[in-house]
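Encoded as structure tokens, the structure appears first; notes follow it.
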Amino acid sequence: MCCSSLHIPTMIQNFDQQDYVSRCIWVNGPVIVGAGPSGLAISAGLKKQGVPFVVLERANCIASLWKNHTYDRLKLHLPKQFCQLPYFPFPDNFPEYPTKVQFIDYLESYAKHFEITPRFNESVQSAKYDETCGLWQVKTISTSGSNWGEVEYICRWLVVATGENAEKVVPEFEGLQDFGGSVMHACDYKSGESYQGKRVLVVGCGNSGMEVSLDLCNHKAIPSMVVRNSVHVLPREVLGRSTFELAVLMMKWLPLWLVDKILLIIARLLLGNIEKYGLRRPSMGPLKLKNTQGKTPVLDIGALERIRSGEIRVVPGIKRFSRGRVEFVNGENLEMDCVILATGYCSNVPSWLKDNDFFSEDGLPKTPFPNGWKGKAGLYAVGFTKRGLSGASMDAARVADDIGRIWKTKQIKCLMRCFSHF
């Protein structure tokens, strides 16, 4: 079939006194699930290949995580050259570490430049490959205006671009329901402005936990940060140059274990012995830990100084909550007014991608980077490398090239069949 899309007849039925529409749409190209940076990157690649596609997004905007679920002071943790998407660099006047607003503006410009128009407010309920006809069936619920109802997309290729951070992780703690104070996930935290003078427990010591704690300090709150496991803390810059950029440069010439050794020596020289503040370093080096387990080192932007001064208090794992209090595993018991869960995010792929052996139970490709971008039967993944935006860009380029090659072959065959009738 050589058309960009075919609308199969609409069936309308009355549902809860509203027009509930059930539609089936043929897509003569891939369906991309997710309109974050990964979805935009693969869309741009397919545009350049001349391949038609449909992007499905459950929110009402692109990059909804960045727009709606990040704190105000957020900046990119890596220099902009490691965070730009394919074929479209950051503006020259952007700083080395763009702000949240600048990055969102960049993504909006990216979508406009490549004429990417996602179908918003379409939440994928299931995606399943039909072996009989060799096509994917992607079922969604649309909540967009008058088109409220079920939509089923039929396609040859499915690109999963929902990423590693689709859903917030909220751990269970004994007694938390009895705490009584404010409890929120970091995805809902915007600023420490309303926390002045309050005792705030920040659960988690990754980049978000550290930065939320620092922001609370800057707004005269009293933060305590839970550090349950070991963590690597590195300086964001070394002699005015990005630590990450330095590591990338060294990796071109030196083995990973040696680069790790050098990074730890630099960290010790610049940051001192952080273990005496309750921050134990893992036995595995920062780059090896990132590559094998996906755990990102913390790039310090000022939180460590506040920890040294005692303005941010480091506390161990939580044993239980009670009314206005928290007890830790070391027996210490503290009064708290609020809790902020900087406990990270996870993939939501297992909840909607059915009967596949490409993704594991935790929603990540079973095949590790750099080969986790292609599955069987036209299934692809973008943004699951645990290597941030640069990893997503690499995946997007590979997927676009692969689909583009297959697409062009099919188009040539289709044209040859058409000409054979003359």
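Values in this document were obtained by computation on a predicted structure and should not be read as measured data.
One finds the OG1 atom of T296 at 2.5 Å from the NZ atom of K290 (value rounded to the nearest 0.5 Å). Taking OH of Y87 as the reference point, atom OG of S393 lies at 9.0 Å (rounded to 0.5 Å). Distance OG/S224 to CE/M336: 3.5 Å, rounded to 0.5 Å. Expressed to the nearest 0.5 Å, how far CD of E311 lies from CG of N218 amounts to 8.5 Å. To the nearest 0.5 Å, atom CG of residue L76 and atom OH of residue Y106 are 10.0 Å apart. In this structure, the separation between OG on S38 and CD1 on I32 is 11.0 Å, given to the nearest 0.5 Å.
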Side chains of residues 55-65: which donor-acceptor partners sit under 3.5 Å, not counting sequence neighbours?
residue: E57; atom: OE1; partner: A35; partner atom: N; Å: 2.8
residue: E57; atom: OE2; partner: A59; partner atom: N; Å: 2.9
residue: R58; atom: NH1; partner: E167; partner atom: OE2; Å: 2.7
residue: R58; atom: NH2; partner: A166; partner atom: O; Å: 2.6

Identify all side-chain donor-acceptor contacts of residues 253-273 below 3.5 Å with residues at least two apart in sequence or on another chain.
residue: D260; atom: OD1; partner: L287; partner atom: N; Å: 2.8
residue: D260; atom: OD2; partner: K288; partner atom: N; Å: 3.2
residue: N273; atom: OD1; partner: E275; partner atom: N; Å: 3.1

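For H219, the ring-ring contact (aromatic ring centres under 6.0 Å, His included) criterion is met by no residue, not counting sequence neighbours. Legend: residues meeting side chain to side chain contact (heavy atoms under 4.5 Å, CB included) with D362, ordered by chain and number and at least two apart, are S360, L364. For S351, the side chain to side chain contact (heavy atoms under 4.5 Å, CB included) partners two or more places apart in sequence, or in a different chain, are N348. With sequence neighbours left out, D130 forms a salt bridge (Lys or Arg N to Asp or Glu O under 4.0 Å) with no residue at all. E245 meets the salt bridge (Lys or Arg N to Asp or Glu O under 4.0 Å) test with R241; sequence neighbours excluded. The salt bridge (Lys or Arg N to Asp or Glu O under 4.0 Å) search around R398 returns D395, not counting sequence neighbours. In this view, E108 and K67 satisfy the salt bridge (Lys or Arg N to Asp or Glu O under 4.0 Å) rule, not counting sequence neighbours. In terms of the side chain to side chain contact (heavy atoms under 4.5 Å, CB included) criterion, residue partners of K168 (sequence neighbours excluded) are, by chain and number, V170, H185, C187, D188, Y345.
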Let me see the working for L389 and L78 under side-chain contact (heavy atoms from CB on, under 4.5 Å), right down to the final yes or no.
-> CA-CA 10 Å; L389 294 165; L78 302 181; over 6 Å; no
Please step through side-chain contact (heavy atoms from CB on, under 4.5 Å) for the pair L46 and W407, ending with a clear verdict.
-> CA-CA 10 Å; L46 292 171; W407 163 261; over 6 Å; no
For side-chain contact (heavy atoms from CB on, under 4.5 Å), just list the numbers for Y189 and L216, CA-CA rounded to whole Å, side-chain angles, deciding distance to a tenth of an Å, and then say yes or no.
-> CA-CA 11 Å; Y189 175 88; L216 289 165; 3.7 Å; yes
Chi angles and distances behind the side-chain contact (heavy atoms from CB on, under 4.5 Å) call for K100, D72 = CA-CA 7 Å; K100 163 186 170 176; D72 295 341; 4.1 Å; yes
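Here the side chain of Q125 pairs no donor or acceptor atom with the backbone of T140 at under 3.5 angstrom. Within the 3.5 Å criterion, the main-chain N or O of R281 finds no donor-acceptor partner in the side chain of S230. At least one donor-acceptor pair under 3.5 Å links the side chain of N207 to the backbone N or O of L299. Looking only at distances, a side-chain donor or acceptor of T243 sits under 3.5 Å from a matching main-chain atom of P235. Checked by atom type and distance alone, the side chain of Y277 never pairs as donor or acceptor with a backbone atom of R280 at under 3.5 Å. Checked by atom type and distance alone, the side chain of T343 pairs as donor or acceptor with a backbone atom of V169 at under 3.5 Å. Panel note: side chain S242, backbone P79; no donor-acceptor pair is recorded below 3.5 Å.
Counting heavy atoms from C-beta outward, I154 and V27 have side chains that stay 4.5 Å or more apart. Within the 4.5 Å cutoff, the side chain of P30 has no heavy atoms near those of the L158 side chain. Using a 4.5 Å cut-off on side-chain heavy atoms (C-beta onward), E150 and I141 make contact. Looking at heavy atoms from C-beta onward, K198 lies out of side-chain contact with I222 at the 4.5 angstrom threshold. By the 4.5 Å heavy-atom criterion applied to side chains, W157 and L379 are not counted as neighbours. Looking at heavy atoms from C-beta onward, L279 lies in side-chain contact with I307 at the 4.5 angstrom threshold. Residues F53 and K47 have side chains in contact (heavy-atom distance under 4.5 Å, counting atoms from C-beta outward). Considering only heavy atoms from C-beta on, P282 comes within 4.5 Å of H232 through its side chain.
Counting non-hydrogen atoms of neighbouring residues, nucleotides and ligands closer than 6.0 angstrom, the CD atom of Q177 exceeds 12 such neighbours. The environment of CZ in R308 is crowded: more than 12 heavy-atom neighbours from other residues, nucleotides or ligands sit within 6.0 Å. Within 6.0 Å of the NZ atom in K220, the count of heavy atoms belonging to other residues, nucleotides or ligands does not exceed 12. Crowding of E96 atom CD: a count of heavy atoms from other residues, nucleotides or ligands under 6.0 Å exceeding 12. More than 12 heavy atoms of other residues, nucleotides or ligands lie within 6.0 Å of CG in N93, so this atom counts as buried by the packing criterion.
The list of salt bridge (charged side-chain N to carboxylate O under 4.0 Å, His left out) pairs with a residue in residues 365-381, not counting sequence neighbours, reads K374-D402. Evaluation of the salt bridge (charged side-chain N to carboxylate O under 4.0 Å, His left out) test over residues 378-393, restricted to residues two or more places apart or in two chains, returns none.
When only modelled atom types and interatomic distance are considered, K139 and S126 share no side-chain donor-acceptor pair under 3.5 Å. In this structure, a donor-acceptor pair under 3.5 Å is present between the side chains of Y153 and E122. Side-chain N/O atoms of E237 and Y97 include a donor and acceptor closer than 3.5 Å. Residues N28 and R156 bring a donor and an acceptor atom of their side chains to less than 3.5 Å of each other. No side-chain N or O of D337 forms a donor-acceptor pair with one of Y195 less than 3.5 Å apart. In the model, Q49 has a side-chain atom that pairs as donor or acceptor with a side-chain atom of K408 under 3.5 Å.
The two atoms that bring G317 and R228 nearest to each other are CA-CG, 4.2 Å, heavy atoms only.
Ring-plane geometry between Y110 and F88 is classed as perpendicular, the angle between the planes exceeding 60 degrees on a 0 to 90 degree scale with a lower cut at 30.
Partner V33 forms a side-chain contact (heavy atoms from CB on, under 4.5 Å) with one of V54, V382, V349, T162 and no other, that one being T162.
Ring pair F103/W66: centre-to-centre distance below 6.0 Å. The aromatic ring centres of F359 and F384 sit less than 6.0 Å apart.
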